[in-house]
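Here the structure comes first, spelled out in structure tokens, and everything after it is commentary.
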2 protein chains.
Amino acid sequence: MAGFCGMNGLKRLSRASVLRLELYLEVLEHFGKEGRAHITSADIGEAVGITDVKVRQDLLHLGAAGRPKVGYDVPRLTGLIREVFGVDSLKPACLVGYGNLGRALVGSNIWTKGGFKLAAIFDGDPEIVGTEAGEMRVRSITELFGVVKSEGIQAGVVVVPAAAAQEVADLLVAAGVQAIWNFAPVKIMTPETVVVENQSLAWGLITLSYRLKSRG
Amino acid sequence: MAGFCGMNGLKRLSRASVLRLELYLEVLEHFGKEGRAHITSADIGEAVGITDVKVRQDLLHLGAAGRPKVGYDVPRLTGLIREVFGVDSLKPACLVGYGNLGRALVGSNIWTKGGFKLAAIFDGDPEIVGTEAGEMRVRSITELFGVVKSEGIQAGVVVVPAAAAQEVADLLVAAGVQAIWNFAPVKIMTPETVVVENQSLAWGLITLSYRLKSRG
DNA sequence: AACCAATCGTGAAATATTACACGAGTTGGC
DNA sequence: GCCAACTCGTGTAATATTTCACGATTGGTT
């Protein structure tokens, strides 16, 4: 009764659920690397600081099935969560703005973790255009429209100064991008169909300050 | 009944509340820069995508008072939220690991936003030690213990490879740090009294992938 | 001065989330 | 083969969050 795993008719997950699932995924990948074949809900719960019941409920909503006395199959569960997040297929993405943060992102392993493949890097500064960036070359922002269209790039990461963010976003949208990860500290306007995820590095630090002030 | 504003005995805010308050703060600072003296709950709500009622309730818990027909006083409310987060006083912090991400953080404006003052930068690589970093010099990690102690540094930002994270955290804790912002993708062990905030750049990207997959 | 429109403050209802309790199924040992 | 221990699945209760509805207060206008 608990659901045919194949069907994709999952309920929409709450934001809190998504956040927890991301933590679970990290724990699972860690245990997976260590070669553990099974993991219990209590193990996961302890690792992320919540109760085993909540873990089981979260996993149940996903249609995951654990075996009593054994726990959940690590590779299977990992795969399931990755599928829910859609990070099992690597969608082409591009990054705009090759400053320090851009460099950090390019050199990190977030792309495969997040279900994307970095396909192009753009910058507006002529001194930076042409630079080697990992295994690719930084292209001029004037090429953006054409490259995004021809390569079928689905997502754009905006790592430019606030003043340029809206312009870059417009360009990305015009070229057909479906999702934008915005690091600029401004609200960018886009059509409803485009998914925008804003990111501010300051949030983590503010949270830290708050928790430090009220110890707990 | 609803509380003497002066007293600081605020209820503990939920994680969701804190996240929302951080958004409000950003909106307020934006409006403040534009010179707006007042702002309504509906304005804030629209900017962050929630209802005006929820905004008012959040602000009420903080003890903020708005005036009917006018709204909330922008500088006053900004100050109040900053006070709640404890970002009004700048606490000394240090950063460990001067790679690309470290450089991005050093060059950003998150420090004052987050209520800290970057007081020292450390790295273990002899080639990096001594480098100019903004207005300071990158110090050797061997100096960490002494500098943290003598400068009374309260928080440490860990931007080193996973393998070195625990060691760095231990060093920071031993030197008396009260809070750690950890970018390394490992769970670090610390005494209960130390606040640890984990940050993974991948989370935003995974969330984007999820939202892209299930459009909404 | 009196009215109107806008906006806040807040109690109550609806909804969602989380914690608890316990039955059911599975493994491993004797 | 049977028993005991462990862990999942899930109905129920408790709690928290969000929405709704409405009265109260203020500022402008005639």
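Lettering follows sequence order; numbering is per chain, from 1. In this text the structure is predicted, and so the values were computed from the model without any measurement.
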(request) Enumerate the residues from residues 35-52 of chain B whose closest heavy atom to DNA chain C is under 4.0 Å, giving them by residue number; use none for an empty result. (result) B:T40, B:S41
(request) Check each residue of residues 66-75 of chain A for a non-hydrogen atom within less than 4.0 Å of any atom in DNA chain C, then write out the ones that pass by number, or none. (result) A:R67, A:P68, A:K69, A:V70
(request) Could you check if a side-chain atom of B:Y210 sits within less than 4.5 angstrom of a side-chain atom of A:E197, using non-hydrogen atoms only? (result) no
(message) Can you list everything that forms a ring pair (Phe, Tyr, Trp, His ring centres under 6.0 Å) with A:F183? Sequence neighbours excluded, please.
(response) A:W181
(request) Begin with the C-alpha distance, continue with both residues' side-chain angles, and end with the deciding distance and a verdict on side-chain contact (heavy atoms from CB on, under 4.5 Å) for A:L101 and B:L101. (result) CA-CA 6 Å; A:L101 184 51; B:L101 184 51; 4.1 Å; yes
Could you give the [atom1]-to-[atom2] distance, from [X] to [N], as a whole number of Å?
X: A:L59; N: C:dT18; atom1: CG; atom2: C1'; value: 15 Å
X: A:H61; N: D:dG11; atom1: NE2; atom2: P; value: 11 Å
X: B:D58; N: D:dT17; atom1: CG; atom2: P; value: 10 Å

Please check this pair: side chain of [X] against backbone of [Y], looking for a donor-acceptor N/O pair closer than 3.5 Å.
X: B:K91; Y: B:A155; result: no
X: B:N109; Y: B:K113; result: no
X: A:R67; Y: A:D73; result: no

Please write out the pairs of protein N or O atoms and N or O atoms of nucleotides 12-17 of chain C separated by less than 3.5 Å, giving the distance to one decimal.
none

(request) Using side chain to side chain donor-acceptor pair (under 3.5 Å) as the criterion, list what pairs up with B:E29, not counting sequence neighbours. (result)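 For B:E29, the residues satisfying side chain to side chain donor-acceptor pair (under 3.5 Å) (neighbours in sequence not counted) are B:R82.
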(request) Considering just the side-chain nitrogens and oxygens of B:R56, establish if one lies under 4.0 Å of OP1 or OP2 belonging to C:dC8. (result) yes
Give the table of side-chain donor-acceptor pairs shorter than 3.5 Å for residues 34-42 of chain A, with sequence neighbours excluded, one pair per line with atom names and distance.
residue	atom	partner	partner atom	Å
A:R36	NE	A:H38	O	3.2
A:R36	NH2	A:H38	O	3.2
A:R36	NH2	A:D43	OD2	3.1
A:T40	OG1	A:A42	N	3.4
A:T40	OG1	A:D43	N	3.1
A:T40	OG1	A:D43	OD2	3.2
A:S41	OG	A:R56	NH1	3.1

(request) Evaluate the criterion side-chain contact (heavy atoms from CB on, under 4.5 Å) for residue pair A:E83 and B:K213; output intermediate values, then yes/no. (result) CA-CA 10 Å; A:E83 191 189 325; B:K213 176 164 183 175; 4.2 Å; yes
(message) Within the supplied structure, the quantity of interest is the number of heavy atoms (other residues, nucleotides, ligands) at a distance under 6.0 Å from B:M189 CE; does it exceed 12?
(response) no
